[in-house]
S.K.: 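The structure is given below, and queries will be raised subsequently.
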Amino acid sequence: MSPITVVEGRRLSLTNLDKVIYPETGTTKGEVVHYCTITADPLLAHLHDRPLSFLRYPDGPDGQRFFTKNVPPGTPSWVQTCEVPHTTSGPTRQVLVQDLSSLVWAANLVVELHAPQWTSGAPGRADRLVFDLDPGAPATVVECCTAAEWLHDRLAADGLGVWAKTSGSKGLHLVVPVEPTPSERTTAYARSLAVEAQRALPDLVVHKMTKALRPGKVFIDFSQNAAAKTTAVAYTLRARATPTVSTPVTWDEIADCTDPAQLTFRFEAIAPRLARHGDLLAPLLDPSRARPLPSHRPR
C-alpha cells in the first residue's frame, strides 16, 4: 500500500518512495520529493502563475522519458489548471503549481518542470527574456561563461538587468525581466543580440542551431522566447545521469569559472546555497526590476 501523507490539508498517495531514480548516485524517489519540499519557497515563487510542461522520467534518466503539456490523467481536482491558447490545435489546459501540496503531487510524478516566459494572465506577453547558452563539445560551460559576460555587458548597454542560472545540464540560462511585451518582439530582440554576439565573438559563438556549426562553440538559443516554447525553471531537478539542478549563480562565479565542475550543482548543494545566498533570482520576482524592451534597431 502506498503511504498517504497530508500536505496543507490535502491527502496525497506517494508511490514507490524507495525506487532508485538516479542509479549513479543511488538517489531515490523519496529523496527527490524531499528535495522539492525543502526548496519549495523559491521554487514555488518562480513557478507562480506559469503554465507548466512536464518532462516525466519515472524510471530514471535512462528509462522512458516523455514530454507533456496537457493536464496528466488522474490529476487531483484541487490542482489548479488554466486554459492556454494554441494557434493550431485550439486551447488546451495546463497545470499551475501554486502551492506545496501541488508541488509534492508533481514531484511524485518525477518530472522536470518547464515554463514559458509569460504568465497565465497574459498568454504570449513575455515578462522575461531568456538566452539558453548551450556548448558544443569540446566546449563546456566555461566557454558559456565568456559568452554570458559579453551578453551581460551588451544588455546593460540597453538598460537591462540580467540574472544567471545553470541549465542543470551543460550550459547556462540568462534571464532578463522586461515589461510585458509580445513574445514576437522579445524573440526578435534576443535573436538580434545572438547575431551580434556571433559577429563580436566569431570563434566562440553561433546563433544557428545547425549541428555542423556547433562543435567547440556556444550556441545562443534565442528561440525559447517564442510564446509556445518553454525553459527549465530555476531549482528544477534535471533528467541527467546525476541529480543536477538548474541553479542560480552569481556573476562572480561566472567570471571565476575555469572548470565545469565549478558550475555543476547536485540537489544536495541547493539548501546550503540558499542559506548562504538566498534566492539569487529573487530580483526577477520584483516588478520594479522590469524594463521596457529597446525599440531601436540592433547595433
Side-chain angles (χ1 to χ4, degrees), residues 1-23 25-61 63-84 91-116 119-121 168 230 232-240 243-247 266-272 274-275 279 281-282 285:
M1 179 179 295
S2 300
I4 301 293
T5 189
V6 178
V7 181
E8 296 181 330
R10 307 288 190 185
R11 287 172 57 85
L12 285 166
S13 175
L14 301 181
T15 58
N16 303 316
L17 293 180
D18 292 332
K19 182 177 182 179
V20 173
I21 300 297
Y22 294 92
T25 55
T27 305
T28 66
K29 184 177 175 182
E31 291 175 292
V32 167
V33 174
H34 178 66
Y35 163 77
C36 289
T37 65
I38 64 174
T39 54
D41 285 349
L43 185 49
L44 286 169
H46 292 289
L47 294 174
H48 188 69
D49 281 350
R50 295 187 189 272
L52 291 181
S53 301
F54 296 148
L55 176 63
R56 297 185 61 181
Y57 56 111
D59 296 316
Q64 183 184 19
R65 300 193 295 179
F66 50 100
F67 204 74
T68 178
K69 289 192 173 185
N70 296 326
V71 178
T75 297
S77 60
W78 43 263
V79 172
Q80 292 188 46
T81 64
C82 67
E83 186 173 277
V84 176
T92 62
R93 294 204 72 80
Q94 291 180 224
V95 167
L96 296 172
V97 169
Q98 307 282 69
D99 50 40
L100 180 59
S101 53
S102 299
L103 179 60
V104 173
W105 163 78
N108 187 59
L109 299 177
V110 188
V111 294
E112 285 185 0
L113 300 166
H114 294 247
T119 63
S120 58
T230 61
V233 302
Y235 301 105
T236 189
L237 276 160
R238 302 302 304 266
R240 307 291 296 174
T244 53
V245 172
S246 183
T247 306
R266 298 199 322 208
F267 75 133
E268 65 268 22
I270 304 307
L274 285 168
D279 178 14
L281 295 190
L285 307 173

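Computed from a predicted model, the values in this text were never measured in an experiment.
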S.K.: Are more than 12 heavy atoms from other residues, nucleotides or ligands located less than 6.0 Å from atom CG of Asn70?
M.R.: yes

S.K.: Only one of Arg65, Arg238, Arg56 clears side chain to side chain donor-acceptor pair (under 3.5 Å) with Glu112; which?
M.R.: Arg238

S.K.: For Ser101 and Asp99, which I'm curious about, is there any donor-acceptor pair between the side chains at under 3.5 Å?
M.R.: yes

S.K.: Measure the CH2-CD distance between Trp78 and Glu8 for me, rounded to the nearest 0.5 Å.
M.R.: 9.0 Å

S.K.: Residues two or more places apart in sequence or in another chain: which of them pass side-chain contact (heavy atoms from CB on, under 4.5 Å) with Asp59?
M.R.: Lys19

S.K.: Could you report the tightest heavy-atom contact between Ile270 and Thr39, atom names first, then the distance?
M.R.: CG2-CG2, 3.8 Å

S.K.: Say you draw a straight line from CZ of Phe54 to NZ of Lys69; how long is it, rounded to the nearest 0.5 Å?
M.R.: 13.0 Å

S.K.: Within the 3.5 Å criterion, strictly below it, is a donor on Asp49 or Gln98 matched to an acceptor on the partner's side chain?
M.R.: yes

S.K.: Do you see a donor-acceptor pair shorter than 3.5 Å between the side chains of Arg50 and Thr119?
M.R.: no

S.K.: Distance from Leu52 atom CG to Thr230 atom OG1, nearest 0.5 Å?
M.R.: 9.5 Å

S.K.: Go through the side-chain N and O atoms of Lys29 and Thr15 and say whether any donor and acceptor fall under 3.5 Å apart.
M.R.: yes

S.K.: If you round to the nearest 0.5 Å, how far is CG of Leu44 from CG of Leu103?
M.R.: 5.0 Å

S.K.: Looking only at side chains, do Tyr35 and Tyr235 share a donor and an acceptor under 3.5 Å apart?
M.R.: no

S.K.: Rounded to the nearest 0.5 Å, how far does CG of Leu281 lie from OG1 of Thr247?
M.R.: 10.0 Å

S.K.: When you look at CZ of Arg11, are more than 12 heavy atoms from neighbouring residues, nucleotides or ligands closer to it than 6.0 Å?
M.R.: no

S.K.: Return the set of residues passing salt bridge (Lys or Arg N to Asp or Glu O under 4.0 Å) with Glu268 (not counting sequence neighbours), or none when no residue passes.
M.R.: Arg266

